[in-house]
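Some notes on the structure that comes next.
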Amino acid sequence: MTSHLFDHFTRAITDPAKVFIENFDGRTVTFAQMVERSGQIAHALQKHGVETGDRVAVQVDKSPEMILLYLACVRAGAIFLPLNTAYTPAEIEYFLGDAEPRVFVCEPANREKLLPIAEKAGVRHVLTLGTANDGTLIEASSPLSGRFTDVSRGPDDLAAILYTSGTTGRSKGAMLSHENLASNARTLVSYWRFTAKDVLIHALPIYHTHGLFVATNTMLLAGGTMLFLPKLDGDAIIRLMPRATSMMGVPTFYTRLLGHSGLSREAAAHMRLFISGSAPLLAETHREWRARTGHAILERYGMTETNMNTSNPYDGDRVAGTVGYPLPDVNLRIADPETGSPIPQGEIGMIEVKGPNVFKGYWRMPEKTAAEFRPDGFFITGDMGKIDERGYVHIVGRNKDLVITGGFNVYPAEVESEIDAVPGVVESAIIGVPHADFGEGVTAIVVPKAGVDVTEKSVISAIEPRLAKFKLPKRVIFVKELPRNTMGKVQKNLLRDQYRDLYKA
Ligand code: AMP
C-alpha cells in the first residue's frame, strides 16, 4: 500500500543508520528507528480504534516521539492535529468539540484535568506522551511490531489539520493534504539546497507549521539531521553551531542571539544557512546579523493554510524587508482586495496564491472556505503586499491591521520601518485606534533603546519629512516590549484592546 507523503520520506532514506533527530538530552532516533517506531505507534493507534480519516489530536511538549506520532498518524491514514501547548482546558474543549478526534494525546501531568473534557467531547481514548519517551502511548506501542503496512492514502487525502492562531474570532482548522505537504517539502529542499549533509538547529515548537512541516518534512526529504532543543536557548544554539549547517527561526531568535556575546563569525563559521519567517524580520536585524556573522539571513513567507509561498534566493540578493520571490510552483498575484482583479505592478494590494501548497479548506466551515477563495482558485491570504520591479514580494501588513484614517489607507509596515530607523528606537508597531474625527487614529507603540532619550516629538520630527501627513502617528506610546505570541508575531489585537480609549475625551 502507499501512503503518498510517507512514501516520499521512506524513498529518501539512503542511510538507515543515520541519526534523524538528536534530542538535547542526547537521545537519538535514526532513520531506521523512525520507520520502526512510527510503525509501532501506528499499530497502537489502530488498536485504539483509529481508522482512515480519523483525527488524532495532540497537545504535548516537544519531543522526538511527537514527530514519530505525526508520522504514525500519516501512516495509519489518520489526520494529525497538533495543538499549541499554551491552550487552556477551555480552549482544548473547543478544539476537541470541533475536530471530534478519535484519540487525544496529552502530557501525562495534564491527563486528569483534560480527561473529563475529552470525554464530554466524545473522544474514545485519551493517551499520554511525556518528553522522556514516556506515557501510555509509548507503553502501548513499544511491545508492538515495527512492521506496519501503511494505509493507502493519495495526494489529495488529508494528512493534518492545523488550527490557525485566530486573533479574530474562533480558530479555524486548516486541512492539509499529503500533496500539500509533500510538494512544499520538495520545493524547499531544492530551493534551499538541503542535502543529507545538513544538520539543522531546531528550537521551534512543533505544533506549528514552521517547526513541524517547514523544518521536519524538509529534513526528512533531504535525509539530514535535526538537533532538537525544547525552546529558544541562546547558549545552546551557539554551542551547537560548530556541528550544524543551518537554522530555521522566527525573528525573535535572531534578535535574541544578537544580544549574546558568543555570536561571532567564528561561532557561525560552520553554518551555511540561516532562515527566518513567521513574522517580519527587522531590516536592522538583517544588517547586524550580517556584520556579526558574515551571513545574510534568508527571509521567507508562508502561512498555516499555504505552507511556504515565497523565499529570498539562495544565490543572489537576500533583500532585507522583503520576503523574496514566489517559490517555483507557487502562483502569486497582487489583487484588488475587493474584487480580486489584478492591479498594476508595484502597487499595494491583497496577496493571493494558488498552487499545490495551498490547503483544502477550513474544517467544517464550507462558507468560510468559499469566502476566502476566488472563483479562479486563488486563496486570499489576508496579507497586503506588493511586488517590486525586481520581482521581490514585500508584505505591508495583514489586511485586518490596515489603518483607515480619514478615508486614507495606512499600511503599518511602511510607517513601522521609518520609525524603526529612528536612532534610539528598537522596534515599533502601528495600530489603528478609534478616533472621533478620523475613524481611526494612526498610533505608534514604540520600544526605545535602553538609556536613549527618544520622545514622541523626536520620533515624529524624524519621520515627518519622509511620510505623507496622514500616515504620521497621532500619538507615540513608549513601552518596554511588544506583546508577541510564541511564533514571534506581534499581537496587535492586544494592543488595539489596550489603547482603544486613547482618543476618547
Ligand atoms: P501562521 O499561519 O501562524 O504561520 O501565520 C501566517 C502569517 O504570518 C502570514 O499570513 C503573515 O501575515 C505572517 N508572516 C509569515 N512570514 C512572514 C514574513 N517573513 N514577514 C512578514 N509576515 C510574515
Side-chain angles (χ1 to χ4, degrees), residues 167 251 279-286 319-323 334-338 343-351 381-389 392-449 454-479 482-483 489-504:
T167 46
L281 184 78
L282 296 176
E284 187 173 334
T285 308
H286 196 275
V319 182
T322 82
V323 292
I334 307 289
D336 180 312
E338 302 304 321
I343 59 168
Q345 149 90 34
E347 284 185 17
I348 291 172
M350 177 64 74
I351 300 178
T381 63
D383 290 312
M384 304 295 286
K386 66 174 184 188
I387 301 179
D388 68 20
E389 60 290 347
Y392 285 75
V393 177
H394 298 236
I395 297 178
V396 299
R398 297 284 300 161
N399 194 25
K400 63 177 171 34
D401 292 332
L402 183 88
V403 186
I404 306 181
T405 185
F408 292 112
N409 288 354
V410 176
Y411 299 101
E414 186 189 3
V415 187
E416 288 160 4
S417 64
E418 292 296 344
I419 296 180
D420 295 348
V422 175
V425 169
V426 177
E427 60 175 347
S428 60
I430 290 291
I431 54 169
V433 172
H435 189 291
D437 289 341
F438 294 96
E440 283 184 313
V442 178
T443 306
I445 315 296
V446 172
V447 180
K449 281 199 178 114
V454 272
T455 61
E456 179 163 49
K457 230 171 134 201
S458 68
V459 169
I460 302 280
S461 50
I463 62 173
E464 212 165 15
R466 304 183 48 86
L467 292 172
K469 200 162 188 299
F470 71 89
K471 296 180 187 170
L472 294 175
K474 304 242 169 317
R475 287 290 312 274
V476 179
I477 290 162
F478 292 96
V479 295
L482 298 174
K489 289 183 216 295
V490 176
Q491 292 172 298
K492 291 196 170 177
N493 53 327
L494 298 186
L495 291 173
R496 281 191 290 260
D497 272 359
Q498 188 177 347
Y499 296 106
R500 66 171 174 242
D501 295 333
L502 192 66
Y503 299 111
K504 288 206 177 130

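Shortest non-hydrogen contact noted between Gly424 and Val454 is O-CG2, 3.9 Å. When every heavy atom of Ile334 is checked against every heavy atom of Ile348, the shortest pair comes out as CG2-C, 4.2 Å. For the pair Pro448 and Val479, the tightest heavy-atom approach, listed with the atom from each and the gap, is CD-O, 3.3 Å. The shortest heavy-atom contact between Met350 and Asp383 is SD-O, 3.6 Å.
Residue pairs meeting the ring-ring contact (aromatic ring centres under 6.0 Å, His included) criterion with at least one member in residues 399-421, sequence neighbours excluded: Phe408-Phe470.
In this structure, CD in Gln345 is found 10.0 Å from NZ in Lys386, a value given to the nearest 0.5 Å. Going from atom CD1 of Ile395 over to atom CE of Met384 covers 12.0 Å, rounded to the nearest 0.5 Å.
With Ser417 contributing its side chain and Ala413 its backbone, the two residues share a donor-acceptor pair below 3.5 Å. For Thr285 (side chain) and Leu281 (main-chain N/O), no donor-acceptor pair under 3.5 Å exists by modelled atom type. At least one donor-acceptor pair closer than 3.5 Å links the side chain of Thr381 to the backbone N or O of Ile351.
At a threshold of 4.5 Å between non-hydrogen side-chain atoms, the residues Pro473 and Thr443 do not count as touching.
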Between side-chain atoms of residues 428-441 and protein atoms elsewhere (two or more places apart, or another chain), which donor-acceptor pairs fall under 3.5 Å?
unit_1	atom_1	unit_2	atom_2	d
Ser428	OG	Glu416	O	3.4
Ser428	OG	Asp420	OD1	2.7
His435	ND1	Asp437	N	3.1
His435	ND1	Phe438	N	3.3
Glu440	OE1	Ile404	N	2.8

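For Glu456, the salt bridge (charged side-chain N to carboxylate O under 4.0 Å, His left out) criterion is met by Arg475, not counting sequence neighbours.
With respect to the salt-bridge test (charged N to carboxylate O, under 4.0 angstrom), the residues Lys471 and Glu414 qualify.
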